[in-house]
Q: 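Quick one: the structure is below, questions incoming.
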Amino acid sequence: MAIQAQKVAKTIGLSLKSRLVLLIVLVGVFKVKAQGRLPVDEVGALREIATQLGKDDWNFSVDPCSNESSWFTADYSSKPEMYNNSLICNCSFPTATGNVCHVVSLFLKGQNLSGELPKSLGKLPFLQKLDLNRNYLSGIIPSEWASAKNLIFMSISVNKLSGPIPSFLGSMTTLVYLSIETNLFSGSVPRELGNLIHLENLILSANNLTGELPLALTKLTKLAELRISSNSFTGKIPDFFPSWKNLKQLEIQASGLYGPIPSSISILRNLTELRISDLLGEGSKFPSLSNMKGMKRLMLRSCNLSGTIPTYISQMPELQILDLSFNRLEGKVPDYKNLDKLEYMFLTSNLLTGAIPKWILDRDGRDQLDLSYNNFSEGSVEPTACRETLNVFGSFLGWNNSNTWECQKNNPCAKDRYSVHINCGGKAITSGNIKYEEDRYAAGPARFVRASENWGLSTSGLFWDTNSTSNVYTVNNVSTLRMNSYELYTSARLSPLSLTYYVRCLANGNYTVTLSFAEIVFRDNRSFYSLGRRIFDVYIQEKRVLKDFDIENAAQGVDKNVSRTYTAVVSNKVLQIRFHWAGKGTTAVPKRGIYGPLISAISVESDFSPPVKVEIFIVIGAVVSVLFLILMILGILWWKGCIGGKKSRETELRGLDLQTGFFTYRQIKAATNNFNVANKIGEGGFGSVYKGVLLDYTIIAVKKLSSRSNQGNREFVNEIGMISALKHPNLVRLYGCCVEGSQLFLVYEYMENNSLARALFGPEEYQLNLEWPTRQKICVGIARGLAYLHEESTIKIVHRDIKTTNVLLDGELNPKISDFGLAKLDEEENTHISTRVAGTIGYMAPEYALWGYLTYKADVYSFGVVALEIVAGKSNMKYRPNENYVCLLDWGLVLQKKGDLMELVDPKLGSDFNKEEAIRMIKVALLCTNSSPALRPTMSAVVGMLEGQTVVNEDIMDPSIYGDEYGFEALRGQFDQIQPVSKSLSGAESLIHSSSVPAWTGTSSSTQDLYSINLDSR
C-alpha cells in the first residue's frame, strides 16, 4: 500500500516533503477501502431489531458501521446523560477477502421505545454489550437470547418487562453485568443463574420476585455488587456471605426477607457500601462489621437492632454516610469525632440516652446530623448557635411542651386552636372558604422547621445515589392540572425517609384530619416517566393509618387528587402526622432519587365547637329564636304546597358532598351507545351493567340500578355518599352517578379481565392462565380490600356476599372487590336481619345462614372459601370429587385431617410454584372457614398470615359439620320463605349451582355480579 503511494507521488514529480504528506493521505484512503462493511445478515438483523423495538430513526441507506452521523436520523445531541443512542462496531475481524465488521455494542438508553425485547438480538453473534435502560418495552425476555453467547454486559432496567426470570439466562455464561431493575418480573430467582460464574454485578431490585434465594447463587464467587431491594422474597437472609468474599456493594432494602443479619457478614472485608433496611421478623444485636475498614456508606435501617451502637465504627476512616435510624438502639452516642469524611449521620427514632456528645455540637455546620426521636437527657450541652443541619426534634422528654433546646423550644400556648390548613410545599392560597398556610420552607436531610408558633415540620433522610440539595424536598407539577382546587396540587413536599408535621396548641378532643395527595412527578404516557411506583406509610399520632399507600393507584392515575380522612385524638395539645418510606417501590424513575412520601395538603378541623362567652349566648339565643320561627312558617307553607314541591333525588344528590363526579344522562347514553345490547356486559340483582366509553376515551362500566328501593330520598342519597367515600386499590372505584327520573346510574371503573370466577373456572375460552405469583397477589389483594372495609375505612361495612364473581380483575390482574356497600341501597320493608338473609349458597357463614347472625366474621368465612377456590382453581359448589363430598371446602377439610393438603392445589400450576405459600394459603382459608366465628381471624390478621409476617394457627375441624346432617338440609329450612330463582342464570352466576345443590339462593340484591361471564359482545 505504501509502495503504491510512493509511485504515485514520484510520477507527478512532488518534493520529498509533499510526497510524505500525500503518502499519509493515500494510506488513509487505502485503509478505508480495506476496512470491511457490516455483513448483510447483521444488517437484516438490525432491521428486525428496529421493528421489534419500535425504533424508527436508523437510516439503513448507509452502512451502520460507517460512523456517519446520518445513520441516526434523530438528534440526541441535547439530551442529558441518561440518554444514549449508539451502535458500536469492531471492524478488525479478518477474512480471506479483507476485514469485516461486526456489531459489538448496542446502547439504546432513554429512547422511550415502546415495543418488545427484540428476538432477533440472537442474530448478532458478536454482541458484547446491550443497554436498553429507560424505555417502555413490555413482554418477556425472549428465548432466542439464549444464543447470545458473547454477551458481557446486559441492562434492561426501567421498562415494563414481566414474566419470570428465564432459566436460560444461566447459559449466557460470559455475562459479567446483569441488571433487570425496575420492571414487573415475578416468580422466583432461577437456580440456573448460579452458572454465571463470571458475574460481578447482579441487580434485581424493584420487581415482584418471590420465593427464597437459591443456594446455587453461592457459586457466584466473583460477585462485587448485589442489589435485591423492593421485592417479596421469603425466608431469612441466606447465609451465603462466605461465598461472596469479593462483595463491595450489598443492598437489601424492603426485600421481604426476615432477619437477623447472618453473623457471617463479618467475612465481607471488601465492602464499601452496605444497605440493609426494613427487615421482617424478630430483632437481633448489632452485627459484627469491624473488619470493613474501607466502608464508605453504611445503612442498617429498620432492622430491629437492639443493644448499643458499636464504637468500632470510628475505625472506618472512609465512612461518609451512617444510617442506623428506626431501630431499638440504646445507650450513649459513641465518639466518632475522628471520622473526618462523615457527612451524614442518621440515628433517628432509637432509644438513645445520656447527653448529646460535644463532638456532635462542634461538628462542621455542613454535616447533616439527625438525632430526632430519642430519649436524651435535659442536661445535654446546647450548641452555641442553632444549626439547620442538626435535628433533635422530639429527642427529649416533654419535647412537645417546652423542655427541648432553646433553638427548638416552643413558647407557652397563648390560646387554643381548633384548626390548621397547610399547603404542603406551596404558597398560601384560599380554596373555597378555607385558607391554607404556605409551606415553602427549605428542608434537608436533617432539618427542623418552625413554620409558626402553632405548627412546624421535621425532615429526616437522604436521597441516596444523587446529589442532595434542598430543592429536591419539594416538587412542582410538570403538566396542567384540571382537578378542583388545583392550586393545592401544583406543589408538594417530598421526603426520602421521614417527614413529620406537628401542630401544637390544639384544644384537647377529637379532630378530623384530611390528607390530600396527587402524583405530579410520574407521567401517564408511553414513556419511562410513567413507570415509577411510589409506596409509603402514614402515621397519625404514631399509629399507622396507611400502609403501602400508592397515590397513583388510589387516585386512578397521575395528576388526579385523592384524599384520606381520619379521626385523631389530641390529649396533650399536640398532633403529629408522619409520612414514612419503608423501602418499597422504585428509586430510579424518572431518575435516581425520586421516591418516598409525597403530600400536597393537610387539613385539621376539630369535631367540636370552641367555647363561647355567656354574653354571646344571649344574642345567639335571640337570633336562633327568630330564625326558628321563620323556618317553621316556611316549613308549613312548603308542606301545604304554597312555596315549592318535593325535593327530587337529583337535587339531593347534587346537594351532597360526594367524593365522585356527576354525569348527565346524555353522557351515559352516548358512552353506552344508547345502552346498546352489544355493550351489555352483565346482569345482576341491581340491574344491567353496560360497558361505555367517555369522550376522553375513559372506559367505564355503567350499572343501571332499578328503582325498587323503599328508602326515602335522603337515606338513599346518604348511602351513595358513603360508598363514594370508600377508596382503596382493592375496591372497584366509583367514578360517579347519574339520575334520570326514578332511576340511578352508577359509573364504575372498567375492569378489563372481568371476574375472578371467569378467570379461574369460567367457560374455557375465557379462563386465564393464572400463575402462582398472580394467585398469591389476588388473594392478598382481596384480603386487603376486606381489611379496609372492616377496619380502616371511615364507615365500617360488612360486604355480605364475597365470592369470586364479585372480585374483578384489572388489566394487570389486580383484584378489586365490587358491589361493596350496595346492600344498603336495597333494603326492603323488613330490614331486620333476622328476617332477611342476603348472600350466596356456598359462601355464606353458617351462623348467618342459619340464625341471621351477621358480623364482619361472615365476610371472613366467605373469603376463606374464595381463597380455597384460588388455590384449587375449582368452584366450591361445583366441584365434588365423588358423592361422599358436598363441596370443595368439605373435601379440603378431609384432606387437612389426612395431612395431604397439596392434593388441593390446582394441577394447572404444575410443579413450578411456591409450595410454602400454597400450603399457607390453604391453612389460612380453612382457618377462616371455622364454624365458630369467634375462632376466625380478622382480615388484617389474614393479610399478615398470607404475607408470611405471622404464623398460621391451625385448627383442624371435623368435616362432618358440612355434611347433610348439618349443612344443606338445615339451610334449606331456613330459606323456605325465600323466592326461588326464576330467571335463568348465566355465566359466573350459574357456577354456584350443581345438580346436587338445590336451585335456590339467598336472593341478595345487595351484591350481585357487577359483570357476569356472558360477554359475547366484548
Side-chain angles (χ1 to χ4, degrees), residues 272-275 277 289 292-301 308-327 329 331-350 352-374 376 380-396 404-408 441-450 456-473 494-500 593 596:
T272 60
E273 178 182 304
L274 173 61
R275 298 192 216 174
S277 79
L289 310 177
M292 303 172 188
K293 306 297 184 182
M295 183 68 71
K296 295 180 179 180
R297 303 175 3 142
L298 173 59
M299 173 200 291
L300 296 176
R301 175 203 298 161
T308 59
I309 301 176
T311 57
Y312 63 69
I313 292 179
S314 63
Q315 300 171 19
M316 299 177 178
E318 301 298 318
L319 194 64
Q320 302 167 5
I321 304 174
L322 176 63
D323 186 350
L324 305 178
S325 55
F326 295 93
N327 284 295
L329 299 170
K332 296 182 179 181
V333 178
D335 187 353
Y336 295 153
K337 62 184 177 183
N338 64 321
L339 295 178
D340 296 331
K341 296 185 179 181
L342 185 66
E343 298 179 36
Y344 303 93
M345 183 174 74
F346 304 99
L347 305 180
T348 315
S349 191
N350 277 287
L352 301 175
T353 55
I356 293 179
K358 190 174 183 300
W359 72 266
I360 290 181
L361 305 179
D362 295 339
R363 199 76 181 179
D364 191 325
R366 291 173 297 180
D367 296 342
Q368 306 281 342
L369 308 174
D370 196 297
L371 306 176
S372 58
Y373 293 105
N374 278 286
F376 294 116
S380 298
V381 179
E382 292 195 23
T384 55
C386 293
R387 283 170 41 189
E388 294 182 349
T389 58
L390 174 58
N391 188 1
V392 294
F393 174 75
S395 285
F396 299 88
T404 186
W405 282 3
E406 187 64 35
C407 59
Q408 296 189 8
Y441 307 97
R447 184 78 187 274
F448 168 85
V449 176
R450 179 186 285 111
L457 57 94
S458 171
T459 61
S460 175
L462 172 70
F463 286 102
W464 290 62
D465 302 321
T466 185
N467 293 326
S468 180
T469 57
S470 60
N471 62 354
V472 300
Y473 290 82
L494 182 68
S495 172
L497 175 58
S498 181
L499 166 65
T500 299

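For reference, positions follow the sequence shown, starting with 1.
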Q: Pair F346, F326 - check ring pair (Phe, Tyr, Trp, His ring centres under 6.0 Å), show working.
A: CA-CA 9 Å; F346 304 99; F326 295 93; over 10 Å; no
Q: Looking only at heavy atoms, what is the nearest atom pair of T311 and P334, with distance?
A: CG2-CB, 4.2 Å
Q: Can any side-chain N or O of N374 pair as donor or acceptor with the backbone N or O of S395 at less than 3.5 Å?
A: no
Q: Kindly say whether L289 contributes a backbone atom to a donor-acceptor pair with the side chain of Y312 at under 3.5 angstrom?
A: yes
Q: Do D465 and R297 come within less than 4.5 Å of each other through their side chains, counting heavy atoms only?
A: yes
Q: For a quick test of reading the model, state the closest non-hydrogen atom pair linking M316 to M292 and the distance between them.
A: CG-O, 3.6 Å
Q: Side-chain donor-acceptor pair under 3.5 Å between Y373 and S460, yes or no?
A: no
Q: When rounded to the nearest 0.5 angstrom, what distance separates CD in E343 from CG in L319?
A: 10.5 Å
Q: I need the D340 CG to Q320 CD distance, nearest 0.5 Å.
A: 12.5 Å
Q: Return yes if a side-chain donor-acceptor contact under 3.5 Å exists between S458 and N391, otherwise no.
A: yes
Q: Ignoring hydrogens and geometry, is there a side-chain-to-backbone donor-acceptor pair from D370 to T348 under 3.5 Å?
A: no
Q: Indicate yes or no: at least one non-hydrogen side-chain atom of T466 is less than 4.5 angstrom from one of V472.
A: no
Q: Below 4.5 Å, heavy atoms only, C-beta onward: do L329 and L347 meet side chain to side chain?
A: no
Q: With the side chain counted from C-beta on, respond yes when F376 and L371 share a heavy-atom pair under 4.5 Å apart, and no when they do not.
A: yes
Q: Any donor-acceptor pair under 3.5 Å linking the side chain of D362 with the backbone of I360?
A: no
Q: Hey, mind stepping through K293 and Q315 against side-chain contact (heavy atoms from CB on, under 4.5 Å) and telling me if it holds?
A: CA-CA 7 Å; K293 306 297 184 182; Q315 300 171 19; 3.1 Å; yes
Q: Check step by step if side-chain contact (heavy atoms from CB on, under 4.5 Å) holds for R363 and L390.
A: CA-CA 10 Å; R363 199 76 181 179; L390 174 58; over 6 Å; no
Q: Might you point out which heavy atoms bring M345 and W359 nearest each other, and give the distance in Å?
A: CE-CH2, 4.0 Å
Q: For the atom pair CZ (R450) and CZ (F393), what is the distance rounded to the nearest 0.5 Å?
A: 10.5 Å
Q: To the nearest 0.5 Å, what is the distance between OH on Y336 and CG on L322?
A: 6.5 Å
Q: Any donor and acceptor pair, going by atom type alone, linking the side chain of N350 with main-chain N or O of L352 inside 3.5 Å?
A: no
Q: Restricting to non-hydrogen atoms, name the atom on P445 and the atom on L462 that form the minimum distance, rounded to 0.1 Å.
A: CG-CD1, 4.4 Å
Q: Looking only at heavy atoms, what is the nearest atom pair of E273 and M295, with distance?
A: N-SD, 3.9 Å
Q: Report yes if the side chains of S277 and M299 come closer than 4.5 Å at any heavy-atom pair, otherwise no.
A: yes
Q: Is there a side-chain contact between L300 and L274 (heavy atoms, below 4.5 Å)?
A: yes
Q: For the atom pair OG1 (T500) and CZ (F448), what is the distance rounded to the nearest 0.5 Å?
A: 11.0 Å
Q: To the nearest 0.5 Å, what is the distance between OH (Y473) and CG (L457)?
A: 12.5 Å
Q: L499 versus L494: any side-chain heavy-atom pair under 4.5 Å?
A: no
Q: If I compare all heavy atoms of R447 with all of A442, which pair ends up nearest, and what's the gap?
A: NH1-O, 2.7 Å
Q: Start with the C-alpha distance between L342 and D367, add both sets of side-chain angles, then the distance that settles side-chain contact (heavy atoms from CB on, under 4.5 Å), and finish with yes or no.
A: CA-CA 7 Å; L342 185 66; D367 296 342; 6.0 Å; no
